[in-house]
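In listed order, ligands and their atoms are each counted from 1. This is a predicted model, so every value here is computed, not measured.
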Amino acid sequence: MRKRVTVLTVGCKANFADSASIAKEAVAAGFDVVSSAEPTDVVIVNGCTVTLRADRDCRALARRARRDHPGATVVMTGCYAQGSPEAKESLPEIDHWIGIGDPGAIGSLLRRIGGSGRPEPHRISEHAADLLLGHRRTFLKIQDGCDFSCAYCVVPLVRGRNRSLPENEIVEKAAAAENDGARELVLTGIHAGLYGADRGERDALAGLVRTLLRETSRARIRLSSIEPMEVTDALLDAIAGSPRVCSHLHIPLQSGCDRTLSRMRRPYAARRFAEIAFRVAATLPDVQIGADVIAGFPGESEDDFEETVRFLAVVPVNYLHVFPYSARPGTESAKWPDDVSPGEKKDRVSRLLRIDGEKRAAFLRGQVGRVLEVLAESAHPGRRELSGTSGNYLEVTFRGESREAGELIRVRTTSLNGRGLAGEREDRDVV
Ligand code: SF4
């Protein structure tokens, strides 16, 4: 009987792409990839270390994996394994601790553990791997690492410097995924806007988007997080030039106060961010813009925080990802006094979450009555309903059959539906 492996992911879209690579390795080693609800022989936790909370989630997942699957081999990998080797001692639940410095290590381990006993020659596409992990969207990694040194960020210490993947490799993977049924390709990276910079190329991400549009014919393309100074005119032209590129950008802000931005070592002022956000909003119809904000960075005074609140009230950002600051070992800001009290941090997070809720609701209201192209992701067969994600990153529910999951469907939105929209389909697979 074939052995089984479960892959659990904590963290960002780049980690989702890494988990899909692990699933591909597992299939090639003769394993079946199963969910954590099924009996399994190996559990791999692909962990994140960007915040204290991510560390905690990784440890909790590993402990639960051991409890739920007492006989399984439990493996910790990803940024958490790379950044916290000392944590190994306090986690006897874990059998193998594999950092990200050796990309072949997981494949070798899986082949050693056995699978069917012989390596499968069969290789699957990124899309097939993502489906095995329950993702309809296909995460295509375009680069790894980061050359910046934001004061709070542990990622460059864990992931190293920017390394872009060769363009032909990305195009090949995109074409194979589309052939296999992928209808959304999410370009991911640790710092995706640096794509090509290590080869001395300028605006290479815009070029990559145009190449992918040429070399594929049906799948839409979504960009994951892009730093503000990398939202160039060339990139905006590439996005605006095709309806196959999603009208959605996630642009990390972190603070709307210049004093805080400069202490964070972020290379822009709030005003520059605002100019970029206004330009994006004016260029891309129905675009949804998201932003990350950190609450309670060391030295963030009440006035600084109020400046961020005032900034958010005017800048065209439609949702926020809010993080309470947590000191990460080895970073510059970890040496500074973490001087915003836990209670104050909590209050600031609540204020930001309220702003997030108001912004999301306002954007949603403005999208009622629009025709959106939705990737059908989950089916609710009892109700003959599908729900999925629009190009501008809204959850939309509409009538449909489970066999249509994975398709792009045009939906006219008719009403609000919780944190998303409900609608009626117009026609099918229009791209
Ligand atoms: S740009 Fe800054 S926050 Fe983003 S990964 Fe690099 S160092 Fe971290």
Side-chain angles (χ1 to χ4, degrees), residues 9-18 46-55 78-80 82-84 99-101 139 141-165 186-198 204-205 223-232 235 249-270 272-273 276-277 289-300 308 317 320-336 338 352:
T9 313
V10 182
C12 64
K13 293 188 173 73
N15 245 20
F16 284 8
D18 288 346
N46 184 17
C48 169
T49 191
V50 76
T51 59
L52 211 55
R53 179 166 179 184
D55 284 3
C79 290
Y80 178 62
Q82 182 73 22
S84 307
I100 44 186
F139 296 94
K141 192 161 170 182
I142 61 169
Q143 65 79 237
D144 205 331
C146 176
D147 294 342
F148 282 42
S149 14
C150 300
Y152 52 83
C153 185
V154 72
V155 172
L157 304 176
V158 181
R159 290 273 183 174
R161 292 183 66 78
N162 173 36
R163 284 114 41 215
S164 304
L165 270 74
V186 186
L187 306 189
T188 71
I190 293 302
H191 188 146
L194 286 183
Y195 173 75
D198 51 328
L205 183 57
L223 298 172
S224 62
S225 197
I226 298 288
E227 291 291 332
M229 51 291 168
E230 285 142 18
V231 183
T232 60
L235 185 63
L249 283 181
H250 188 91
I251 314 175
L253 166 67
Q254 311 306 10
S255 169
C257 158
D258 285 346
R259 201 181 78 90
T260 310
L261 282 172
S262 137
R263 297 178 64 257
M264 285 176 166
R265 313 267 181 256
R266 300 287 289 168
Y268 53 86
R272 180 84 189 107
F273 182 99
I276 290 159
I289 304 175
D292 299 328
V293 185
I294 296 173
F297 186 71
E300 184 190 59
T308 294
V317 159
L320 304 176
H321 286 170
V322 180
F323 301 90
Y325 171 77
S326 59
R328 309 311 293 133
T331 60
E332 188 182 1
S333 64
K335 298 181 206 112
W336 304 339
D338 187 1
L352 292 172

For atom 8 (Fe) of ligand 1, the protein heavy atom that lies nearest, with its residue and separation: C153 SG, 2.3 Å
Nearest non-hydrogen protein atom, atom 2 (Fe) of ligand 1: C150 SG, 2.4 Å
Spacing of L223 atom CG and I251 atom CD1 [to the nearest 0.5 Å]: 10.5 Å
Side chains of N15 and T9, donor plus acceptor under 3.5 Å: no
Value rounded to 0.5 Å, distance of NE2 in H250 from CG in L320: 9.0 Å
Parallel, tilted or perpendicular: ring planes of F297 versus W336, cut at 30 and 60 degrees: perpendicular
Where ligand 1 meets P156 - atom numbers and elements under 4.0 angstrom, heavy-atom basis: 7 (S)
Any N, O or S atom of C146 closer than 2.8 Å to atom 6 (Fe) of ligand 1: yes
Protein contact to atom 3 (S) of ligand 1 [nearest heavy atom, distance to 0.1 Å]: Y152 OH, 3.5 Å
Contact summary for A14 and T188, nearest pair of heavy atoms: CA-OG1, 3.9 Å
4.0 Å heavy-atom contact, R266 with ligand 1: yes
Residue, atom name and distance, where the atom is the protein heavy atom closest to atom 4 (Fe) of ligand 1: E227 OE2, 3.7 Å
Donor + acceptor pair across side chains of R53, S326 (<3.5 Å): no
